Amino acid sequence: MCSEELKKLKLYNLFQSIEMPLLKVLSDMELEGISLDTEMLSDFSEELSKDIVNLERNIYEISGEEFNLSSPKQMGEILFEKMKIIDKVKKTKTGQYSTSEETLSKLKGKHQIIDHILEYRGLQKLLSTYVKALPLLLDKNTNKIHTTFNQSVAATGRLSSVSPNLQNIPIRTEKGRKMRKAFIPKNSDFEILAADYSQIELRIMASLSADTSMLSAFNNGIDIHSATAAKVYKVEEKDVTREMRSHAKMVNFGIIYGISAFGLSQRLGIKRKEAAEIIENYFIEFPKVKEYMDLSINKARDNEFVETILGRRRYLKDINSRNGMIRAFAERNAINAPIQGSAADIIKKAMIDVQKEMEKQNLESRMLLQVHDELVFDMKKSEKEILTKIVKEKMEQTITLDVPLVVDIGFGENWLEAH
DNA sequence: GTAATCACG
DNA sequence: ACGTACGTGATTACA
């Protein structure tokens, strides 16, 4: 094949115009690194360690013996054989007792020990994976954390981050957020800027499916989960309750993941039949979404791959499997991969555009992290106005969809505040 | 090495 | 009748 022919190929173009330029951006980010507030973390570590010891003592006393709290096997035997806190026991696929957060949360009222175990687990995770581990990874020369971004690991085209993984720093719990506070600017002339895409995957679904209701919600700046709730529960938008909105949010997640009645019923804590009705209603209200999903699956059956807006492929060899479960998994991938992958395309292109403009304007600010729908910067305070403008414009304008892309930007003395 | 668990989007 | 939401990485226990 001659080079002129090569240039016309979509995948070759993706490689040349996105992945290769991105490589340099990622390498700059890795080399720059991010600063950590180690004094704060060392205090936090002591605090957590004390709490953990107290919880340990407490749990041993209640259960009547000392055991390895980090062993799910021993934990299961104590809870379900010795203490017999419940008779209908859930097992994992290898026949062990399940002691996962999901299982234990359902047993909360059954015994006071459950709350202590859950708290212990949360603190132990925080301490071992983040609070103690990250300071040990500070580079001797730069005194910063330097992650490695994998460009060719995730099947959908997302990046991944290792050694350490800086894409899964806690934020959902109060103590977790304290960990995020430890990510700080490199010196007092700098601040953290965080910019994240609002609902990027649902916007992509709206655009790719061309569903009228979904397009109009995004084009009119309406809260998508409330809009979905109003449609699915057949009420006025002003009459949408918190619970209806929260259920609709789960439905929207489900749509992106390749929804199943079982999956939705599990998450909403309702019967499968009720979940099936909600899904049925959803597809009546958003018919083009259903069409798009069927189209994706059919395309996958014909080609054994699906593709993103920039032509990135995910091969689905199991799409025609005679095994129903294996096939269903591939079908959910056929729905999810173009959505998740297109979001990855968009932010990757935005990163190249932003970096190019930052270099052109000779900024001292630096791009530090990418967390799938978010970019984090070490921002020179004097560059606040120009950097904000560059980041917002490039991220929102890098690709034109049939709905606007919206980017929210925050600033702060640490990564938490910047949200 | 694999399983279980849990952190994130 | 089955067993299910998508994508990752790190820690710990245990064979």
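For clarity, every value in this text was computed on a predicted model and none was experimentally measured. Below, chain A is the first sequence line, B the second, and so on; all start at residue 1.
- Atom CG of A:Asn165 is separated from atom C1' of B:dG9 by 11 Å (rounded to the nearest Å).
- Within the 4.0 angstrom heavy-atom criterion, only backbone atoms of the sugar-phosphate kind lie near A:Ala155; the bases stay farther away.
- As the counterpart of C:dA10, B:dT5 is assigned, both hydrogen-bonding distances of the Watson-Crick or G-U wobble pattern falling under 3.5 Å.
- Across all strands shown, A:Arg121 has heavy atoms under 4.0 Å from sugar-phosphate atoms exclusively, and none from any base.
- Across all strands, A:Arg314 comes closer than 4.0 Å only to sugar-phosphate atoms, never to a base (heavy-atom distances).
- From A:Asn252, atom CG reaches atom CZ of A:Phe286 across 7.0 Å, with rounding to the nearest 0.5 Å.
- Note: A:Phe67 CZ to A:Ile59 CD1 = 6.5 Å, rounded to the nearest 0.5 Å.
- Both the sub-6.0 Å distance and the 45° axial angle are not jointly satisfied by A:Arg272 relative to the ring of A:Phe262.
- Between the C1' atom of B:dG9 and the CD1 atom of A:Ile346 lies a distance of 15 Å, rounded to the nearest Å.
- If you check every strand for non-hydrogen atoms under 4.0 Å, A:Gly258 touches nothing.
- Residue A:Gln340 is classed as a base contact, given a heavy-atom separation below 4.0 Å to a base.
- The distance from the CD atom of A:Glu101 to the CD1 atom of A:Ile117 is 12.5 Å, given to the nearest 0.5 Å.
- Taking the P atom of each, B:dA4 and C:dT4 are spaced 12 Å apart, rounded to whole Å.
- You'll find that the side chain of A:Lys93 is closest to B:dA4, out of B:dA7, B:dA4, B:dG9.
- A salt bridge does not link A:Arg327 with A:Asp318: none of the charged nitrogens is closer than 4.0 Å to a carboxylate oxygen.
- At a threshold of 4.0 angstrom between heavy atoms, the contacts of A:Leu264 include nucleobase atoms, whether or not backbone atoms are also involved.
- No cation-pi contact links A:Lys231 to A:Tyr282, judged by a cut-off of 6.0 Å to the six-membered ring centre and 45° from its axis.
- In this structure, A:Ala328 reaches neither bases nor backbone, as no heavy-atom distance under 4.0 Å exists between it and the strands shown.
- Residue A:Ile200 contributes atom CD1, which lies 17 Å from atom C1' of B:dC8 at whole-angstrom precision.
- With rounding to whole Å, A:Gln167 atom CD is found 13 Å from B:dC8 atom P.
- From the 5' end on, the contacts that DNA chain C makes with chain A at under 4.0 Å to a non-hydrogen atom open and close at C:dG3 to C:dC14.
- Ion pairing between A:Glu417 and A:Lys181 fails under the 4.0 Å rule for side-chain N and carboxylate O.
- For A:Lys178 and A:Glu174, the salt-bridge test fails: no basic side-chain N is under 4.0 Å from an acidic carboxylate O.
- Rounded to a whole angstrom, the distance from the P atom of C:dA5 to that of B:dT5 is 14 Å.
- Using a 4.0 Å heavy-atom criterion, one finds that A:Ile256 contacts no nucleic acid atom at all.
- In this structure, A:Gln124 places its CD atom 12 Å from P of B:dA7, rounding to the nearest Å.
- Along DNA chain C, the nucleotide nearest to A:Tyr130 and the one nearest to A:Val251 differ in position, and the one closer to the 5' end is contacted by A:Val251.
- Contact check, A:Arg172 against B:dG9: a side-chain N or O comes under 4.0 Å of OP1 or OP2.
- When rounded to the nearest whole Å, the span between CZ of A:Phe253 and P of B:dG9 equals 9 Å.
- Within the nucleic acid shown, A:Ser260 comes within 4.0 Å of at least one base atom, counting heavy atoms only.
- In this structure, the separation between CG on A:Leu375 and NZ on A:Lys394 is 14.0 Å, given to the nearest 0.5 Å.
- Side-chain proximity of A:Thr99 to the nucleotides B:dG9, B:dC8, B:dT5 is greatest for B:dT5.
- Note: CD (A:Glu201) to C1' (B:dG9) measures 8 Å, nearest angstrom.
- Taking atom CG of A:Leu104 as the reference point, atom P of B:dT5 lies 8 Å away to the nearest angstrom.
- Within 4.0 Å (heavy atoms only), A:Glu374 reaches no atom of the nucleic acid at all.
- At the heavy-atom level, A:Ala133 lies under 4.0 Å from the strands shown only through sugar-phosphate atoms.
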